[in-house]
**Student:** 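Before I ask anything, here is the structure I am working with.
Start at 1 with the first residue, then count along the sequence.
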Amino acid sequence: MAFRDYLLSSTVSDTLDVWELKDLGYQTVQRIVRASDPLQSMQEINQNFPSIVSSLSRTKLDDSIRDEIMANQRMVPPGKSLMALNGALVNVEDVDLYLLIDLIHQDLLLADQFSKLKIPQGTLKKLLSTSPPLESSIFRVDFHSSHVHYLNNLEEDAKYKQWRNNLDESIDMIISLYENNFPVRFGIVLYSSKFVMQLENHATKEHSDEDISTTIICLFSYINENYGAEMAYRFLSNVNKLRIESDGNADDALELHHVEGVFVETILSKVKSPPQEILLKLYKNQKLKELSQESSKFVFKLGLSKLQCSLLMNGLVIDPTKGPAWGCVGGVELVVHVDGVAVGVMHRSLAEERRKGHQKKGSEQKGPPRTEALINALNDETPRIQEQVYFGQIMSDTDVLAKFLSEAGIQRYNPKIISDSKPRFISLSMFTFGEESVLNDIVYLHSPGTMDDTKAVTHLLAVDITSRNGMKLLQQGIHYLIEGSKNARVGLLFNANRSPNLFSLLFVKVFEITASLYSHKTNVLDFLNQLCSLYEKNSILSPPMEAESTQAFVDMVCELGEANGLPSKGYRSALLEFPAGEVRKHLTKVQNSLYRVLGLESGANAVFTNGRVTYPIDESTFLSADLHLLESIEFKQRTKHIVEIIEEVEWHDVDPDTLTSKFISDIVMALSSSMAMRERNSESARFEILNDQHSVIILNNVNSSIHIDAVLDPLSPTSQRLSGILRVLWKYIQPSMRIVLNPVSSLADLPLKSYYRYVVPTMDDFSNTDSAINGPQALFANMPLSKTFTMNLDVPESWLVEPVIAFHDLDNILLENLGDTSTLQAVFELEALVLTGHCSEKDHDPPRGLQLILGTKTAPHLVDTLVMANLGYWQMKVSPGVWYLQLAPGRSSELYILKEDGEGSYDKQSSKLITINDLRGKLFHMEVLKKKGKEHEELLLPDDNAQDEKKGSGLNSNFLEWASGFIGGNKLSKKAEKSSQEKGRGGRHGKTINMVSIASGHLYERFMKIMILSVLKNTHRPVKFWFIKNYLSPPFKDLIPHMALQYGFEYELVTYKWPTWLHKQKEKQRIIWAYKILFLDVIFPLSLEKVIFVDADQVVRADMGVLYDMDIRGKPLAYTPFCDNNKEMDGYRFWRQGFWNDHLQGKPYHISALYVVDLKKFRETAAGDNLRVIYETLSRGPNSLANLDQDLPNYAQHTVPIFSLPQEWLWCESWCGNATKYKAKTIDLCNNPMTKEPKLQGARRIVSEWPDLDFEARRFTARILGDDQESESILPPNQSKNLNSEDSSNEDMESRAEL
């Protein structure tokens, strides 16, 4: 060892005294902030910490550093790390350079757009850093109306008296008392779906068809007014009984005379005159009929009629599809409302009637009873009320319903507008201000008297002038302005589905003239509304007028203009010789723009509200109220804060003559639409409240539009990664930065024990002399020579990286043993990206076991996987390109279809196009639907019937047959197993035995080669090995194709990226253990039905085909129980006492070195999902799952049953003793907790054939990998009893590495 190297490595400290750790965090902060380059200093410290810690601990601490950090830590917990980009928080645990670059890139693009709008730099920064106000996403339908009929009165009914002035107590006891006269008001609004249909179709004539619904509403209203609510509800209940009895019986369908009979029966005991006479009078009572129709109109206007029978809870719409729909009464649809001091359940008797009725009608249907839907709504609403009571926002005398509706009340409900999914947006700035923009030609319409006001909201209506639906949308837009809107304007984008005739072009021209010349006139909107009706009548509803009738149309337009105070002269002169070609050209231009930006076909009707796209539109139910709803939502959630910023701008570079209300409105429209498209976190933090005099890194750049705030513990793994990222950003982008350092104040141990390098491509990677690319490099210099290291990679979650060149063991790096150079090199390669996703089924749990395939157009099945129950998660390995995702043939595609973006088809299979065009991979959300008629079928079917199995039934059996030809390994592997009898390599024949193993490090790869040889020498059947490639070394991956060719076996390398949502182990050994059990259902191709896991350090002495064919009695897993005949080990058998003894309840504790997995049963029973759920629960405990691969399946065997294999299938000396060794079919070199004997030493002593197998494997390895000299130096076992000193040293190194 050179003297310099000795001095450098001697500074490394494994431990410090407790008193030296006391101020280590503060001392580190002081060293960083006082450096000339604080960012570089922070990176050098946390990436070389073991070599620097001694020096840091000797730093004299300035008290001002300590005081400021302690003051800041009263607001931020010690050691907490946070980061925000332009005010939006970024998850520091998942952040990588590519994510940050994407976020910065989108903000830089916005800054460029905003600067072109003449927005000052200060305002630009404010806009990029602002976040929308945290408005509640809850919307409540304001149903206040005389059309609501209440069953009870909380203020006057005596039974609620005890609740009136005791609000706090009622809130505390809501859950336990909701069934006992809980203060709930229950009301209904009745409507006729037949009458609503007439409203949708704009029918003006009375239909002669009998409308039983309207009759029931009339009779209900009469009883309610004259005899009270209880009797009226009893009438409805009795009609509902009749309806239920008549359902499904065409001969006994509910008719008018049935309803009349119920009416007579209900009021008979209360009336003096014959009920029949009352009926006759009621039929003649026009007022009652009008009231019933008004009730239907009210529901239609609220937008609730499309939901059929719906439930409102304090105005919140409870989706009826999340459970059985609310029953209808004799054809009358119900809007059920519940409110009160707090929300509760339905009146018990009525709820019971409905529940019974539901059971009679649809007993075959699954799902919760209707009362459960109401209780679920109650459970959601109660915490909101509790919170407001706690903070004093609701008092004893507060009208809770009025308060809620005033805060979040809306006059209209439209599920396409109020949706949980994020709306689609387009940026209107990208084509608003271009010379050829169609928006430059728009003249906007305003509500009367508001033309000169700045408008925060802009509705653009794309209208097909050749269709009736287009004219309906246009008229609703005009009605919207007539009704009045102070904050919004309307612009029109006329287009045409078919070639427009002369009168369509005239109509467009009239609109253009009116908006340009007369938009300030009082009656202009009335004129346009009448014009629409005139045009629709003469051009759409009737055959087009002849060309010679142009004059007549112009005359009618002029007459309408005069009638509304608009001079006809302007119209007449402009219309008689107007340029039809120019208008036609403009319509084509609009259509091309809509297609280019949105992909909309010709004749589209759509609404764009500040860039928010509402499409497709159901024109029959889209009303002016929907435009009010859009205005309200967009103003509150996305525009109001932008308007407030723009109102404060001092426009220095803008011509005062152009500084009009239209200019400002255009600016707001462009800004809000562009900012709505940003992908960023809505959460923010108040970094400005933290002190920044002594413990903060501040890097200012007044010209930058990017600002980064961070709170970092400089001695944390997070800071190791982020310090490198921040240095890269500062070098190439130079954002403003403010980094508050937040160390842990009291350390019990060294916080960092690793060396770290952050690697990023730079221009230096490209050669100046030729086309060579060197690639980014990480250099670890002056490392301790006598310490054993393991090299790990910290890569983005979507990357699959593997070593491709590494001559030394990367798990056990000891530099002093590498020779004079003491240098180690390794080359890594980005092998693939990970495509991940979540699959959902509306109102159901994720469709676990759903099988997916991914491929190209020409090869649709290249990769496959299945959907986990855990969050509906799935994962596939991909490379950049265009891919198509679809359901696998078999039961998955028989039951399900992929939901389209629109309504979608219920029986047509489709694929999803996925483009991988960057290095961040892709997270893909998808939704599936059950096919019609398949709603109640289960995806996972048990396959216990042997006869069915012979026929090929069970879990996607026809898919398995179809898929088997597609699944392959790498270039030197054969196709996947064939279950039929066949001749294999080297004369092998029979059913293929599939085996899997995992190894890490050269020592265990040496063991694994011996295991492979022992398997092959004991069977004549074809064998296929599956190797989990995550930790295999490059030499082993180079060797295995040659070994497969030489010894006649197949192999395949498989991998699976650890899901981000699953608690991850930190130690490499525990990660390897986890891979043995957690991903068995998804790591293999779906065509693989059974596999045997064998530990790498195992030697096989029997034909594994016997184990492969063994009947494991329908269990998904088969393990060997631990031996109990070696009495010396009784003290170590922990499963016989304490927790394990109680938990196992007599079941055996099994060893995990050898086990069989029936993958078919494993997937059918969702065993993988169950194991992951149990793992997630247990793994966070520091003392749980000490032997993860063993403890987890043994703990879970009550849920995931285990078949116990005969004892002879796994023997190990530690637990079994020598008495049963002669029966052993496999021998495992398990650790001995008493002797702790190294495995290499134990292998030669315990397994007689091990030296010969080892000699064969080592000679073959040396010959294939090109080291002929080493090959010759390897002696047979009988000639190497006395190893020379060099061989002994090598053996000793491997043993040390193992320990």
**Student:** So, the side chain of R891 versus the backbone of E938: is there a donor-acceptor pair under 3.5 Å, distance only?
**Tutor:**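 Such a contact is found between R891 side chain and E938 backbone.
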**Student:** Under the salt bridge (Lys or Arg N to Asp or Glu O under 4.0 Å) rule, what do E294 and K297 come out as? Steps first, then yes or no, please.
**Tutor:** CA-CA 5 Å; E294 288 298 323; K297 289 179 182 177; 3.7 Å; yes
**Student:** Can you check side chain to side chain contact (heavy atoms under 4.5 Å, CB included) on E927 and K842, steps first, answer last?
**Tutor:** CA-CA 7 Å; E927 187 174 347; K842 189 175 182 182; 3.3 Å; yes
**Student:** Shortest non-hydrogen contact from L473 to V463?
**Tutor:**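 In this case the closest contact between L473 and V463 is CD2-CG2, 4.4 Å.
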**Student:** Any side-chain heavy atom of V607 sitting closer than 4.5 Å to one from Y615?
**Tutor:**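 No - every pair of side-chain heavy atoms lies 4.5 Å or more apart.
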**Student:** For Q388, check side-chain contact (heavy atoms from CB on, under 4.5 Å) against everything at least two apart and list the hits.
**Tutor:**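 Result, side-chain contact (heavy atoms from CB on, under 4.5 Å) vs Q388: Q393, I394, K403, F404, E407.
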**Student:** Are side-chain N/O atoms of E631 and T609 paired as donor and acceptor at under 3.5 Å?
**Tutor:**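 No donor-acceptor contact under 3.5 Å links the two side chains.
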**Student:** Between E935 and G933 (side chain of the first, backbone of the second, donor and acceptor by atom type, cut-off under 3.5 Å), is there such a pair?
**Tutor:**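 Side chain of E935 to backbone of G933: a pair is present.
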**Student:** What heavy-atom pair brings F220 and F235 nearest, and what distance separates the two atoms?
**Tutor:**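 The pair with the smallest heavy-atom distance is N-CE2, 3.9 Å.
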**Student:** Are any of the side-chain heavy atoms of L282 and I278 separated by less than 4.5 Å?
**Tutor:**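 Yes, at least one pair of side-chain atoms sits under 4.5 Å.
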**Student:** Output the distance between atom NE2 (H257) and atom CD1 (I212), rounded to the nearest 0.5 Å.
**Tutor:**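 H257 atom NE2 to I212 atom CD1 measures 9.0 Å (nearest 0.5 Å).
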**Student:** With sequence neighbours excluded, what pairs up with S467 under the side-chain contact (heavy atoms from CB on, under 4.5 Å) test?
**Tutor:**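 Partners of S467 by the side-chain contact (heavy atoms from CB on, under 4.5 Å) criterion, ordered by chain and then number, come out as D464, N469, N605.
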**Student:** Is it the case that the side chain of S485 and the backbone of L481 share a donor-acceptor pair, with hydrogens and angles ignored and the cut-off at 3.5 Å?
**Tutor:**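 Pair absent, no side-chain N/O of S485 close to backbone of L481.
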**Student:** Provide the closest heavy-atom pair for E894 versus K931 in the form atom of the first, atom of the second, distance.
**Tutor:**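 So the minimum-distance heavy-atom pair works out to O-CD, 3.4 Å.
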**Student:** Are the side chain of R412 and the backbone N or O of H628 linked by a donor-acceptor pair below 3.5 Å?
**Tutor:**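 Answer holds: no.
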**Student:** Please determine whether the number of non-hydrogen atoms from other residues, nucleotides or ligands lying under 6.0 Å from atom CD of E937 exceeds 12.
**Tutor:**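 Yes, enclosed.
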**Student:** So do the side chains of L190 and I188 get within less than 4.5 Å of each other, counting heavy atoms only?
**Tutor:**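 Touching, per the 4.5 Å side-chain cut-off.
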**Student:** For V189 versus S295, what's the shortest heavy-atom pair and its separation?
**Tutor:**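 Residues V189 and S295, closest heavy atoms: CG1-OG, 3.7 Å.
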**Student:** Distance from R384 atom CZ to N314 atom CG, nearest 0.5 Å?
**Tutor:**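 Those atoms lie 9.5 Å apart.
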**Student:** One thing to verify: whether R468 and E536 come together as a salt bridge, which I'm taking to mean a side-chain N less than 4.0 angstrom from a carboxylate O.
**Tutor:**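 Yes.
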**Student:** Evaluate the criterion side chain to side chain contact (heavy atoms under 4.5 Å, CB included) for residue pair L291 and I217; output intermediate values, then yes/no.
**Tutor:** CA-CA 9 Å; L291 282 174; I217 298 173; over 6 Å; no
**Student:** Mind checking the CG-CG spacing from N224 to L219? Nearest 0.5 Å is all I need.
**Tutor:**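 The CG atom of N224 sits 12.5 Å away from the CG atom of L219.
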**Student:** Please determine whether side chain to side chain contact (heavy atoms under 4.5 Å, CB included) holds for the pair M471 and L474, giving the CA-CA distance in whole Å, both sets of side-chain angles, and the decisive distance to 0.1 Å.
**Tutor:** CA-CA 5 Å; M471 297 313 299; L474 176 56; 3.8 Å; yes
**Student:** Go through the steps to decide whether Y535 and I465 satisfy the test side chain to side chain contact (heavy atoms under 4.5 Å, CB included), and finish with yes or no.
**Tutor:** CA-CA 10 Å; Y535 167 72; I465 58 170; 4.3 Å; yes
**Student:** May I ask you to decide if S192's main-chain N or O and S296's side chain share a donor-acceptor pair within less than 3.5 Å?
**Tutor:**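 Yes; at least one donor-acceptor contact below 3.5 Å.
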**Student:** Testing the 3.5 Å rule here: is there a donor-acceptor pair between the side chains of Q475 and N529?
**Tutor:**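 Present: a donor and an acceptor within the cut-off.
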**Student:** Under 3.5 Å, is there a donor-acceptor pair between the side chain of N226 and the main chain of Y222?
**Tutor:**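 The answer is yes, because a donor-acceptor pair under 3.5 Å joins these two groups.
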**Student:** Is the closest side-chain heavy-atom distance between L630 and H459 below 4.5 Å?
**Tutor:**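 Yes - at least one pair of side-chain heavy atoms lies under 4.5 Å apart.
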**Student:** Out of curiosity, D626 CG to I417 CD1, how far, rounded to the nearest 0.5 Å?
**Tutor:**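 Atom-to-atom, D626:CG and I417:CD1 are 4.5 Å apart.
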**Student:** Hey, are the side chains of S292 and C218 touching, using non-hydrogen atoms and a 4.5 Å cut-off?
**Tutor:**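 S292 vs C218: side chains touch.
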**Student:** Once you round to the nearest 0.5 Å, how far does OG of S193 lie from CD of Q198?
**Tutor:**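 It is 10.5 Å, given to the nearest 0.5 Å.
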**Student:** Strictly by modelled atom types, are S624 and E483 linked by a side-chain donor-acceptor pair under 3.5 Å?
**Tutor:**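 Their side chains do contain a donor-acceptor pair, which is all the 3.5 Å distance test asks for.
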**Student:** Any chance you could lay out the side chain to side chain donor-acceptor pair (under 3.5 Å) test for Y283 and E260, step after step, and finish with the verdict?
**Tutor:** CA-CA 11 Å; Y283 287 146; E260 292 173 344; 2.4 Å; yes
**Student:** Of the non-hydrogen atoms in L887 and S892, which two are nearest, and what is the gap between them?
**Tutor:**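 Closest heavy-atom pair between L887 and S892: CD1-O, 3.8 Å.
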**Student:** Measure the CG-CD1 distance between L461 and I478 for me, rounded to the nearest 0.5 Å.
**Tutor:**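 So the gap between those two atoms works out to 9.0 Å.
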**Student:** Determine whether a donor-acceptor pair (N or O, by modelled atom type, separation under 3.5 Å) exists between the side chain of S632 and the backbone of L629.
**Tutor:**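 No; zero donor-acceptor contacts below 3.5 Å.
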**Student:** Could you check if a side-chain atom of I267 sits within less than 4.5 angstrom of a side-chain atom of I223, using non-hydrogen atoms only?
**Tutor:**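 With C-beta onward as the side chain, the pair touches.
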**Student:** Within a strict 4.5 Å, meaning less than it, do heavy atoms of the I216 and F263 side chains meet?
**Tutor:**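 Side-chain contact under 4.5 Å: no.
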**Student:** Which pair of heavy atoms, one from L627 and one from Q476, lies closest together, and at what distance?
**Tutor:**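 Shortest heavy-atom separation between L627 and Q476 comes out as CD1-O, 4.1 Å.
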**Student:** Going by heavy atoms in the side chains, are Y896 and P847 under 4.5 Å from each other?
**Tutor:**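 Yes; the side chains approach each other to less than 4.5 Å.
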